[in-house]
2 protein chains.
Amino acid sequence: MPATPRRTGRPPVTSRPQILAAARALIDADGWEKLTVRRLAAELGIGPTTLYHHVRDKQDLLLLLLNEYAAQLPAPDLPDDPADRIVAAATAMHDALAGWPWAAEILTTDGFVGLLGDPALHLVDTIVGAAIAAGRTPAQAVTVFRSIWYYTVGEILVRAHSAGPAAYRDITFTGFDPARLPHLAAIGDQWPTLATTDTYPSGLRALVTGLLTP
Amino acid sequence: MPATPRRTGRPPVTSRPQILAAARALIDADGWEKLTVRRLAAELGIGPTTLYHHVRDKQDLLLLLLNEYAAQLPAPDLPDDPADRIVAAATAMHDALAGWPWAAEILTTDGFVGLLGDPALHLVDTIVGAAIAAGRTPAQAVTVFRSIWYYTVGEILVRAHSAGPAAYRDITFTGFDPARLPHLAAIGDQWPTLATTDTYPSGLRALVTGLLTP
DNA sequence: ACCTGAACACCGTTCAAGT
DNA sequence: ACCTGAACACCGTTCAAGT
């Protein structure tokens, strides 16, 4: 067999790295809802069907994008105290996802742990390890991670979907029946303001405290 | 003006209640991904465009469905102790959503509070009220609710998307590098089993405890 | 007043044929 | 070996025309 096998046939017009770069540019420019196979192909100046020679399908494309993004994330500072370490690792996950909310949607669409590369899993391992260091069994540590993951992914998804101008569009918060909904009526139109403030850190701290308290 | 205005023109072939019933039947039979305007119309034996005389658009249809579902939910038993009351109300929300996971997806797509009817908001009001009873300010009580909501909606969405046969399909949990991911490597193929167990109640209790502890 | 078909502007994906 | 157009099987929605 030759050391450099000579290539035959029609020359390629694109490559997987080129496709991933274009996909990322498209998401950053127009949002991830606009990333379609057909638009991406048009952006690259190729036929839509050509993409299928470089990625298996759209889901595969998204996973490649996700692992590429995770691999390039900076490693966070990790304190020694287990509780603080969990908070730091969870916050790093959260911040990474906050920048790329579409990633959170993909991560809910499958048993994600096995689909991610080492860099992303490092934070998972950190949280599990810190829970064990705090005296939990491995099984309990998985529960700790999963609870934190639910909270984190929920916050990201709600935030991502509330960001648009459509949120709270034709809603009056002053119409609550004080007899049936006394507390909501008392809060009234302050709710949108209160709902805008970032409560992820305080909620996370409360959750971790609760999870590590026997 | 006449007491019963006589109807003129072409007689209706369907009605909003009929459409909602058919939509619900379609979701229950084939899953909510299969609910499309065209399929629903076909099910009713009408043209797709006829639906638009009875509902504003698909989003409107889903919201009608959601409020109908919420209105018909049984009210949960609510204990006197504030922490227990929050847990009971959150569990009722969770169980309602677990039965209709697509609802969770809609609820993340907008500032949902203003789109729901009284029955669904009653549980929101209960949680906010219980947090106030536990000594929080109204603003803090909103934070308590939001944290619980993130955790709940995250659990529902992850669960809904992991339920299919596609989850964990071609994943080997034994391939973790023990040097880089020691705890995941130690847990190995026990992860899928551990991830299947329902940890919502214990995580919720931990979260509520943490949120109500100053 | 209500319904309809045609049309618009899209999707993801497959597959035989071409270079 | 790689690319392509045509085709399949769909979407949500609008709108002029019909009853």
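Letters go in sequence order (proteins before strands), and every chain restarts at 1.
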Rounded distance (Å) that lies between atom [atom2] of [N] and atom [atom1] of [X]:
| X | N | atom1 | atom2 | result |
| --- | --- | --- | --- | --- |
| D60(A) | dT13(C) | CG | P | 10 Å |
| Y52(B) | dC8(C) | OH | C1' | 13 Å |
| Q18(A) | dC3(D) | CD | C1' | 14 Å |
| H54(A) | dT13(C) | NE2 | C1' | 16 Å |

Is a donor on one side and an acceptor on the other found under 3.5 Å between the side chain of [X] and the backbone of [Y]?
| X | Y | value |
| --- | --- | --- |
| D125(A) | L184(B) | yes |
| T196(B) | P192(B) | yes |
| R146(A) | G203(B) | no |
| R39(A) | K34(A) | yes |

Dot-bracket for DNA chain C, 5' to 3', Watson-Crick and G-U pairs with both distances under 3.5 Å, [ ] for crossing pairs, | for partner on another strand, reads ||.|||||...|||||.||
### Message
Taking dA9(D) as the reference, what is the distance to dC10(C) when you measure between their P atoms (whole Å, please)?
### Response
23 Å
Under a 4.0 Å heavy-atom cutoff, the residues of residues 25-51 of chain B touching DNA chain D are T36(B), V37(B), R38(B), R39(B), T49(B)
Anything under 3.5 Å between a donor and an acceptor, one on a side chain of residues 63-71 of chain B, the other on a protein residue two or more places apart or in another chain? List them.
from	atom 1	to	atom 2	distance (Å)
N67(B)	OD1	G117(B)	N	2.8
N67(B)	ND2	L115(B)	O	3.1
Y69(B)	OH	A96(B)	O	2.9

Heavy-atom closest pair (T126(A) atom, A89(A) atom, distance to 0.1 Å) is CG2-CB, 3.9 Å
Closest non-hydrogen atoms of P48(B) and V37(B), given as atom of the first, atom of the second and distance, are O-CG1, 3.9 Å
Worksheet item: Which part of the nucleic acid, if any, lies within contact of T14(B), taking any heavy atom under 4.0 Å across all strands shown: a base, the sugar-phosphate backbone alone, or nothing?
Response: sugar-phosphate
Given side chain to side chain contact (heavy atoms under 4.5 Å, CB included), test D30(B) with L35(B) step by step and report yes or no.
CA-CA 8 Å; D30(B) 299 341; L35(B) 177 67; over 6 Å; no
Nearest-nucleotide check on DNA chain C, D57(A) vs P11(B); residue mapping nearer the 5' end is P11(B)
List the steps and the verdict of ring-ring contact (aromatic ring centres under 6.0 Å, His included) for Y150(A) and Y200(B).
CA-CA 9 Å; Y150(A) 297 149; Y200(B) 180 80; 8.1 Å; no
Measure all distances between protein nitrogen or oxygen atoms and nitrogen or oxygen atoms of nucleotides 16-18 of chain C, and list the pairs falling under 3.5 Å.
from	atom 1	to	atom 2	distance (Å)
dG18(C)	N2	R10(A)	NH1	2.9

The salt bridge (charged side-chain N to carboxylate O under 4.0 Å, His left out) partners of R180(B) (sequence neighbours excluded) come to D118(A)
Applying side chain to side chain donor-acceptor pair (under 3.5 Å) to R205(A) and not counting sequence neighbours gives D84(A)
